[in-house]
Amino acid sequence: MTFSHLASRLDNIAPFHVMELAKMAAALEREGRHIIHMGIGEPDFTAAPLVIEAAAKAMADGKMQYTSATGLPALRAAISAHYRQVFGLDIAPERIVVTAGASAALLLACAALVEKGCEVLMPDPSYPCNRHFVAAFDGQAKMIASGPAERFQLSDDMVREHWGEHTRGVLLASPSNPTGTSILHSELAKIIATVRAKGGFSIVDEIYQGLSYDAEPFSALSLGDDIIVINSFSKYFNMTGWRLGWLVLPEALVPPIEKLAQNLFICPSSIAQHAALACFEKDSLALYEARKDEFKRRRDYLVPALIALGFKVPVIPDGAFYVYADCSDLLKDGGDADSLVKDILNRVGVSMVSGLDFGAHTAQHYIRLSYATSMENLQEAVRRLGSYLGKN
């Protein structure tokens with residue numbers, strides 16, 4: 001059966017090349033090859049023991065019914081307390097909406113704020129789904145080329161230069177996927193002040209904020225009550241498949257977002273919500289911090305190792321678990337980053353992704369490597385890359 005009348009918005013949503021490369025890697029594994037996976041952005045750690053115990057107890061106790069569309073009151077209160085403990089911020093639980101992952105949070109925010117013909121500014125490179133969420137509501141992501149000088153992020157000057165008649169807001173990520181870089185606090189404050197003066201909205205994706213390595217904890221929420229923040233239990237809390245995230249909203253946005261959530265999702269997973277309460281136990285938080293230290297140790301190994309192999313890392317990643325590396329000096333005549341990562345995968349079994357998904361500006365010459373794998377795997381990957389590049 002075929003459909004001849006698909007919605008035209010599908011034309012504005014590109015395939016996810018990361019997943020295509022993952023399928024190529026899986027096919028090689030089925031042939032008996034050993035593949036080191038450094039492509040998918042998923043922690044190699046799984047949920048903390050107390051979280052698993054809490055999920056089992058919730059099921060045993062029959063706590064599997066629908067919850068409020070905005071989430072369990074106890075979980076909203078726990079997230080609020082976490083902001084107070086980590087950031088010293090007083091965020092009312094009523095401003096927090098628990099969602100079915102950060103993806104649902106972005107979907108809800110865009111459903112409420114994006115309409116046909118409006119523009120949302122974001123940097124190129126960016127996480128591809130961000131622009132696709134805007135496209136899903138017939139808006140347009142205006143991708144602004146950003147390089148090492150701007151830490152691959154938007155600057156206030158860029159926002160001022162590119163703000164146009166149809167611009168309605170900005171969608172930022174700090175730390176960012178794919179680059180692992182954060183927006184400097186002083187620059188973020190200027191951006192938000194500019195957007196506020198223009199009557200626009202600021203959405204800040206902070207799903208990797210818990211994995212920030214080189215500075216004191218900071219949230220965009222400290223810059224005003226009108227900022228929309230996205231967060232998730234997937235990355236710092238290691239609960240990817242549980243599909244649980246949250247929004248922090250201005251008070252005026254809570255009722256419309258709740259209405260949308262009721263209709264689009266009913267509620268987030270009740271079991272995941274009961275389990276997530278255990279994320280904030282003392283033992284769980286100590287475990288997450290130890291895992292964060294391990295991610296930093298891996299970064300501190302991988303970045304200089306890549307540079308020694310001939311990659312350029314123009315901005316040292318200060319968060320998440322990615323390195324965005326310039327491979328220009330390693331390309332063969334007529335080649336690009338995508339052909340390079342495919343050749344590396346086929347020849348030495350190291351799976352990485354090119355900049356192709358993340359925007360046109362860096363697509364040809366950059367690759368993203370995830371260090372969300374064991375130190376042993378990273379060391380073997382560096383050895384294989386050295387062999388591929390003739391460095392061993």
Side-chain angles (χ1 to χ4, degrees), residues 18 21 36-45 123 125-127 146-153 173-184 207-216 218 235-236 289-331 337 340-341 344-345 348-358 361-392:
V18 169
L21 280 162
I36 299 175
H37 293 275
M38 300 176 68
I40 300 296
E42 181 172 32
D44 53 320
F45 303 114
S126 279
Y127 179 58
S146 179
E150 300 84 22
R151 301 176 55 76
F152 302 106
Q153 297 279 3
S174 185
S176 163
N177 176 6
T179 67
T181 63
S182 299
I183 306 173
L184 297 178
I207 71 171
Y208 294 100
Q209 201 287 326
L211 297 174
S212 296
Y213 307 118
D214 302 325
E216 290 298 311
F218 172 83
K235 310 301 181 178
Y236 176 73
E289 286 298 299
R291 291 174 173 180
K292 173 183 171 179
D293 290 343
E294 173 60 14
F295 279 132
K296 182 178 184 297
R297 186 173 79 95
R298 295 173 186 178
R299 179 202 66 171
D300 292 345
Y301 163 75
L302 184 59
V303 170
L306 290 172
I307 293 171
L309 289 173
F311 294 93
K312 292 180 285 191
V313 185
V315 186
I316 303 301
D318 61 291
F321 34 66
Y322 306 112
V323 181
Y324 208 52
D326 184 342
C327 59
S328 301
D329 293 345
L330 306 176
L331 297 177
L340 178 67
V341 297
I344 288 172
L345 173 61
V348 298
V350 177
S351 178
M352 307 175 293
V353 298
S354 73
L356 195 61
D357 272 326
F358 308 114
H361 179 55
T362 55
Q364 302 299 312
H365 301 114
Y366 277 82
I367 63 171
R368 188 196 72 178
L369 302 92
S370 167
Y371 49 89
T373 188
S374 69
M375 183 66 83
E376 292 75 17
N377 278 343
L378 294 179
Q379 291 168 339
E380 174 61 14
V382 167
R383 187 197 68 77
R384 293 185 189 184
L385 290 171
S387 176
Y388 175 87
L389 295 168
K391 302 282 185 171
N392 291 346

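Note: hydrogens, waters and symmetry copies are ignored here, and every other heavy atom, side chains too, is used.
Considering only residues two or more places apart in sequence or on other chains, H365 meets the side-chain contact (heavy atoms from CB on, under 4.5 Å) condition with D326, S328, L331. Scanning for side chain to side chain donor-acceptor pair (under 3.5 Å) contacts around R384 gives H34, E380, with sequence neighbours left out. Taking Q379 as the reference, Y301, M375 meet the side-chain contact (heavy atoms from CB on, under 4.5 Å) condition, with sequence neighbours excluded. Remark: K292 pairs with no residue by the salt bridge (Lys or Arg N to Asp or Glu O under 4.0 Å) rule, at least two apart or across chains. Evaluation of the side chain to side chain donor-acceptor pair (under 3.5 Å) rule for T181 yields T179 as partners, not counting sequence neighbours. The side-chain contact (heavy atoms from CB on, under 4.5 Å) search around S370 returns F321, Y322, A372, not counting sequence neighbours. Residues meeting the salt bridge (Lys or Arg N to Asp or Glu O under 4.0 Å) test with E294, sequence neighbours left out: R297, R298. With sequence neighbours left out, the side chain to side chain donor-acceptor pair (under 3.5 Å) criterion links Y213 to no other residue. Remark: Y127 engages no residue in a side chain to side chain donor-acceptor pair (under 3.5 Å) (not counting sequence neighbours). Every residue two or more places apart in sequence or in another chain that forms a side-chain contact (heavy atoms from CB on, under 4.5 Å) with S374 is listed here: E376, N377.
For residues 207-216, the salt bridge (charged side-chain N to carboxylate O under 4.0 Å, His left out) pairs, not counting sequence neighbours, are D214-R299.
Separating the CG atom in L356 from the CG atom in L21 is a distance of 9.0 Å, to the nearest 0.5 Å.
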N/O donor-acceptor pairs under 3.5 Å from side chains in residues 303-318, not counting sequence neighbours:
{"from": "D318", "atom 1": "OD1", "to": "R151", "atom 2": "NH2", "distance (Å)": "2.7"}
{"from": "D318", "atom 1": "OD1", "to": "S182", "atom 2": "N", "distance (Å)": "3.0"}
{"from": "D318", "atom 1": "OD2", "to": "S182", "atom 2": "OG", "distance (Å)": "2.7"}

